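What follows is a single structure, written as structure tokens, with notes after it.
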Amino acid sequence: MDKAYDPKAVEGKIYSMWESGGYFTPKIDKKKKPYSILLPLPNANDPMHMGHAMFVIEDILIRHHRMKGDPTLWLPGGDHAGIETQYVFEKKLAKDGKSRFQFDRDTLYRMIAEFVEQNKTVNRDQMKRLGFSLDWTRYHYSLEPEIVATVLDTFRAMHKDKLVYRDSRLVNYCTRDGTSFSDLEVKHVERTDPLYYMKYGPFVLATTRPETKFGDTAVAVNPRDKRYTKWVGKEIEVEGLAGKFRVVVVADDVIDPTFGTGIAKVTPAHDFTDWEIAKRHNLPAKQVIGFDGRMTDAAGPYAGMKVGTAREQIVRGLESRGLMDHIDTNYVHTVATCYKCGSVLEPLPIPQWYVKTKSLATQAIKAVKEGKTKIIPKKRFEKMYFDWMENILDWNISRQIVWGPRIPVWYCLDCNPAVTLSFLSKDDQKITGSYGDICTNHSFEEIRDGLQSLSAPLEATYTLTEGTCKTCRGTHILQETDTFDTWFLSSQWPLTTLGFPNGEDFNYFYPTSVLDTMWDILFFWVARMMMMGLYRTKKVPFEIIHLHSRVVDAKGQKMSKSRGNVVNPLKMVDQYGADALRFTLVFGAAPGSDIAVSEDKIRGMRNFANKLWNIGRFVLMNFESAGKEIPFYNKNMTLSNPEDNKIIAALNKLIASVTKDIERYRFSDAAQALYEFAWHTVADMYLEKNKERFKTGDAESLAVLRHVCLTLLKLLHPFMPFVTEKIWGKMPKKYDKPLIISSWPD
RNA sequence: GCCCGCUUAGCUCAGUGGUAGAGCAUUCGCUUUACAUGCGAGUGGUCGGGGGUUCAAAUCCCUCAGCGGGCACCA
């Protein structure tokens with residue numbers, strides 16, 4: 001054995017040994033209770049970051065249960081990550097001076113699929129570097145046909161149960177990414193913007209969005225605001241930028257009399273509050289901003305301008321006409337921005353597919369209240385979970401992107417001539433219009449082949465199966481171009497990857513034992529898996545939700561590219577070994593809190609791995625110099641030396657505490673106890689005090705020494721699998737099988 | 001605005017009623033044949049401020065301050 005442990009020379013070979021030995025693949029044994037965890041599926045073409053490395057928590061649980069003899073499954077997968085991937089791909093396109101609008105949707109889809117294919121193995125290979133004992137034979141990718149088929153089936157089941165429906169309401173729409181989002185994907189950001197006080201008929205009113213003036217269909221006041229009581233119900237005449245127009249004055253409770261002048265202009269098509277006001281007062285909605293982020297024809301002279309430009313121009317126009325009373329330049333408010341690209345989101349009216357969530361949430365709340373699923377740490381996250389579930393809104397599952405499974409709904413164009421189509425014609429012109437208008441100049445086949453997107457009016461009839469129209473017998477049928485929200489697919493991961501409804505894995509491993517992830521996707525993913533799992537199987541998808549630490553830098557700052565404080569896990573593995581990084585991520589991490597990672601700390605843990613190596617080396621040297629068979633320690637042995645009795649007692653205490661700590665998800669406590677025991681109790685004290693006895697080849701002391709060392713390797717194996725496996729391989733043992741499948745001490 | 005969490009050694013964090021802990025950093029001394037990725041010894045905290053309960057509080061309660069997070073339709 002070398003003087004120092006060299007992880008680079010060891011890790012690759014050990015991992016291959018485990019993988020080729022088939023140790024990651026569980027043997028299904030109906031007599032035993034299985035233990036299973038699904039790896040939170042990373043974006044398949046995303047390189048690994050420290051957040052992924054934190055899945056070491058799962059490897060610890062998995063290795064512990066495997067050693068306990070449970071049929072243990074850790075199932076890996078990769079996500080197509082709809083918006084994320086399309087966003088990255090479009091940035092690549094932009095570099096080549098191209099845009100998504102230059103391609104029909106089938107071509108665009110193929111291009112993205114090829115792009116993903118090139119990078120698909122990156123993340124997988126990196127997971128292996130960390131020693132993750134994932135069952136790669138069960139790897140799943142989110143767009144596999146079987147997985148998509150189950151997802152589509154869920155959609156149909158929900159449609160039948162009236163849990164999915166189509167509605168036209170305001171959605172948060174990113175005009176840059178060209179898609180709507182669910183409420184969860186909206187990031188509220190505080191900003192300082194001008195608040196414009198403009199003259200408005202007989203009033204002065206405050207608004208941050210003067211450009212939406214063309215879409216105003218009312219003004220609103222609070223019913224208890226005496227200043228305006230006499231106006232309520234009357235029409236007022238307003239001088240606009242393109243002639244005069246008339247709007248009605250309505251009274252509505254949401255209006256805060258203390259804000260601005262107590263009067264709000266009502267723009268139903270572009271503001272969530274106004275949309276609600278309009279519904280209550282039967283006001284029409286007038287869309288003045290298009291899905292491309294430009295003013296529509298309804299904006300008269302400003303048509304075609306981007307919203308920002310139009311605002312500047314309109315402010316100038318109002319000022320020159322004397323219609324601007326004054327401007328408050330220091331108004332602080334929050335705006336909704338896109339969580340992917342940061343653009344300001346535009347509330348726009350568009351028909352979308354929704355999941356009715358209320359009844360699903362009720363079940364998900366009940367399951368946690370009844371303890372069928374436990375959340376750890378309970379204190380902080382259970383309340384968050386309940387708060388969210390209790391206030392849940394219906395879930396918009398349509399996305400206007402191509403990268404993902406299309407919603408399985410078909411429209412007959414002959415029955416629905418008002419369906420709006422965007423497509424590339426044979427001569428590569430982008431054409432948009434209703435089918436009724438364009439079908440005279442373009443054949444159905446031309447439209448189909450060049451199709452980019454379609455938008456069906458809310459009244460449009462549709463079927464859930466492909467084929468000839470049952471009403472008119474026509475064949476001019478097109479599928480919905482909206483794709484599913486990625487989370488609609490991943491919320492069914494426990495079902496799809498295990499082969500719901502009748503797969504052997506599903507029958508055996510579902511419900512899974514633990515779902516471990518960081519808390520940032522508690523709502524996006526975990527809560528929705530609860531709802532979907534309960535909906536389809538009447539059983540919870542997992543018994544425990546464990547929310548692990550967020551990895552931050554040495555100063556406690558969140559790691560981000562813009563801060564420049566990102567620590568690359570693979571670089572650390574190269575430099576200090578996977579075991580060192582793994583132990584760093586566990587040591588000092590309390591669930592739900594942050595864990596600080598610095599190179600200094602990783603180096604310290606590398607030193608600990610080396611310490612273990614040298615304990616092993618010390619034991620071996622003593623066995624070699626003894627040059628004889630040493631009996632194996634067993635519990636019935638009577639030990640004559642008090643030092644031996646002491647170390648055995650301490651070891652037994654350690655076994656109990658480490659086992660308990662892992663069972664209670666107190667990984668840091670276990671790691672600290674192991675560190676303390678190995679380094680100080682064993683190396684500093686026991687080895688030093690008894691060196692002379694080992695040298696003389698005393699059989700009892702050597703038997704105890706070997707037992708302590710082998711047991712310590714077992715206890716440490718889930719945390720530091722490589723160095724422990726390597727030392728184990730060199731030690732004299734009763735049975736020669738790898739540490740990974742040895743038995744957990746008791 | 002509403003809700004939650006945090007504040008303990010230079011740094012990052014454990015500790016939740018009974019004489020203050022870890023890792024890293026730091027100081028001093030050691031070429032002792034398992035390991036200088038080491039060994040030995042040490043420095044370092046009135047546990048955010050204030051008040052209360054208790055024989056006893058870092059730990060329970062109240063309050064103030066700072067930091068972080070979740071939720072939210074203020075035009």
Side-chain angles (χ1 to χ4, degrees), chain A residues 1-7 170 172 183-184 186 188 195-197 205-210 212 216 219-220 252 254-267 270-277 331-334 336 347 377 379-388 390-393 519-520 522-523 549-550 552-558 576-577 580 583-584 587-590 592-622 666 668-669 671-673 675-676 679-680 683-684 687-688 691 694-695:
Chain A
M1 272 174 100
D2 294 333
K3 246 174 116 170
Y5 172 59
D6 179 12
L170 285 196
N172 287 295
D183 307 283
L184 269 184
V186 177
H188 295 274
L195 182 62
Y196 303 96
Y197 283 77
L205 58 75
T207 181
T208 53
R209 305 206 60 184
T212 60
D216 294 350
V219 295
D252 199 290
V254 300
I255 302 300
D256 175 1
T258 65
F259 185 91
T261 56
I263 306 175
K265 67 191 202 65
V266 179
T267 321
H270 301 291
D271 184 280
F272 288 100
T273 309
D274 295 1
W275 177 267
E276 293 303 317
I277 294 174
Y331 176 58
V332 179
H333 66 152
T334 54
K379 199 173 167 187
R380 193 166 149 207
F381 293 107
E382 207 175 78
K383 190 169 165 45
M384 239 169 91
Y385 175 87
F386 288 137
D387 284 353
W388 187 73
E390 279 156 14
N391 298 305
I392 196 164
L393 300 169
W519 40 262
D520 60 342
L522 179 61
F523 304 144
S549 304
R550 179 178 63 171
V552 294
D553 74 3
K555 291 179 195 134
Q557 295 273 313
K558 191 176 167 178
Y576 301 107
F583 217 67
T584 303
F587 202 98
S593 70
D594 292 346
I595 175 73
V597 170
S598 62
E599 201 167 330
D600 279 343
K601 188 174 172 187
I602 299 172
R603 194 182 300 119
M605 296 306 157
R606 186 271 317 261
N607 296 351
F608 178 56
N610 190 59
K611 191 72 190 177
L612 296 174
W613 178 258
N614 276 289
I615 291 171
R617 200 165 152 236
F618 177 86
V619 175
L620 276 176
M621 283 171 111
N622 280 288
R666 306 290 309 220
S668 177
D669 292 357
Q672 297 209 25
Y675 185 99
E676 163 74 24
W679 203 315
H680 300 117
D684 292 348
L687 295 195
E688 291 299 330
K691 260 185 183 169
F694 301 140
K695 257 188 202 165

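Bear in mind the structure is a predicted one, so any value in this text is a computation, not a measurement. No hydrogens, no waters, no symmetry mates; every other heavy atom, side chains included, goes into these values. Numbered from 1 within each chain, the chains take letters A, B, ... in sequence-line order.
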Q: Ignoring backbone atoms, test whether A/Lys3 places a side-chain nitrogen or oxygen under 4.0 Å from the OP1 or OP2 oxygen of B/A36.
A: yes

Q. Looking at B/A34, B/G5, B/G23, which one has an atom nearest to any side-chain atom of A/Tyr675?
A. B/G23

Q.
At less than 4.0 Å, is any side-chain N or O atom of A/Trp679 found next to OP1 or OP2 of B/C39? Yes or no.
A. yes

Q: For A/Arg550, answer base if it contacts any base atom (sugar-phosphate contacts may also be present), sugar-phosphate if it contacts only those atoms, and nothing otherwise; contact means non-hydrogen atoms under 4.0 Å.
A: nothing

Q.
Under a 3.5 Å cutoff, is there a donor and acceptor pairing between the side chains of A/Asp256 and A/Thr258?
A. yes

Q: Determine the contact category for A/Ala609: base if any of its heavy atoms lies under 4.0 Å from a base atom, sugar-phosphate if only primed atoms, P, OP1 or OP2 are that close, otherwise nothing.
A: nothing

Q: When you get a sec, tell me which of B/G70, B/A34, B/A22 is the closest nucleotide to the side chain of A/Gln672?
A: B/A22

Q. Can you find a heavy atom in the side chain of A/Phe272 that is under 4.5 Å from one in the side chain of A/Glu276?
A. no

Q.
Within the 3.5 Å criterion, strictly below it, is a donor on A/Thr267 or A/Asp216 matched to an acceptor on the partner's side chain?
A. yes

Q. NA contact type, A/Thr267, heavy-atom cut-off 4.0 Å: base, sugar-phosphate, or nothing?
A. nothing

(Q) Once you apply a heavy-atom cut-off of 4.0 Å, does A/Arg606 come out as touching a base, just sugar-phosphate, or nothing? (A) base

Q: Give the nucleotide from the list B/U12, B/A75, B/G38 with an atom nearest to the side chain of A/Asn607.
A: B/G38

(Q) Need one value for A/Gly260: base, sugar-phosphate or nothing, where a base atom within 4.0 Å counts as base even if backbone is also close, heavy atoms only. (A) nothing

Q: Might you work through the side chain to side chain contact (heavy atoms under 4.5 Å, CB included) test for A/Arg617 and A/Val619, ending with a clear yes or no?
A: CA-CA 5 Å; A/Arg617 200 165 152 236; A/Val619 175; over 6 Å; no

Q) Heavy atoms under 4.0 Å, any strand shown: does A/Met605 hit a base, just sugar-phosphate, or nothing? A) sugar-phosphate

Q) Under 4.0 angstrom, heavy atoms only, what part of the nucleic acid is A/Phe381 near: base, sugar-phosphate, or nothing? A) nothing

Q) Is any side-chain N or O of A/Lys611 under 3.5 Å from a base N or O of B/C35, one able to act as donor and the other as acceptor? A) yes

Q. What does A/Asn622 touch in the nucleic acid at a heavy-atom separation under 4.0 angstrom: a base, only the sugar-phosphate, or nothing?
A. nothing

Q. Of the nucleotides B/C39, B/A34, B/U12, which has the atom closest to the A/Glu688 side chain?
A. B/A34

Q.
By the 4.0 Å heavy-atom rule, please label A/Ala206 as base, sugar-phosphate, or nothing.
A. base

(Q) Within the 4.0 Å heavy-atom criterion, would you say A/Asp256 contacts the bases, only the backbone, or no part of the nucleic acid? (A) base

Q: Taking only the side-chain heavy atoms of A/Phe272 (C-beta and beyond), determine which of B/G69, B/A34, B/C73 contains the nearest atom.
A: B/C73

Q | Residue pair A/Tyr196 / A/Thr208: nearest heavy atoms and the distance that separates them | A | CE1-O, 4.0 Å

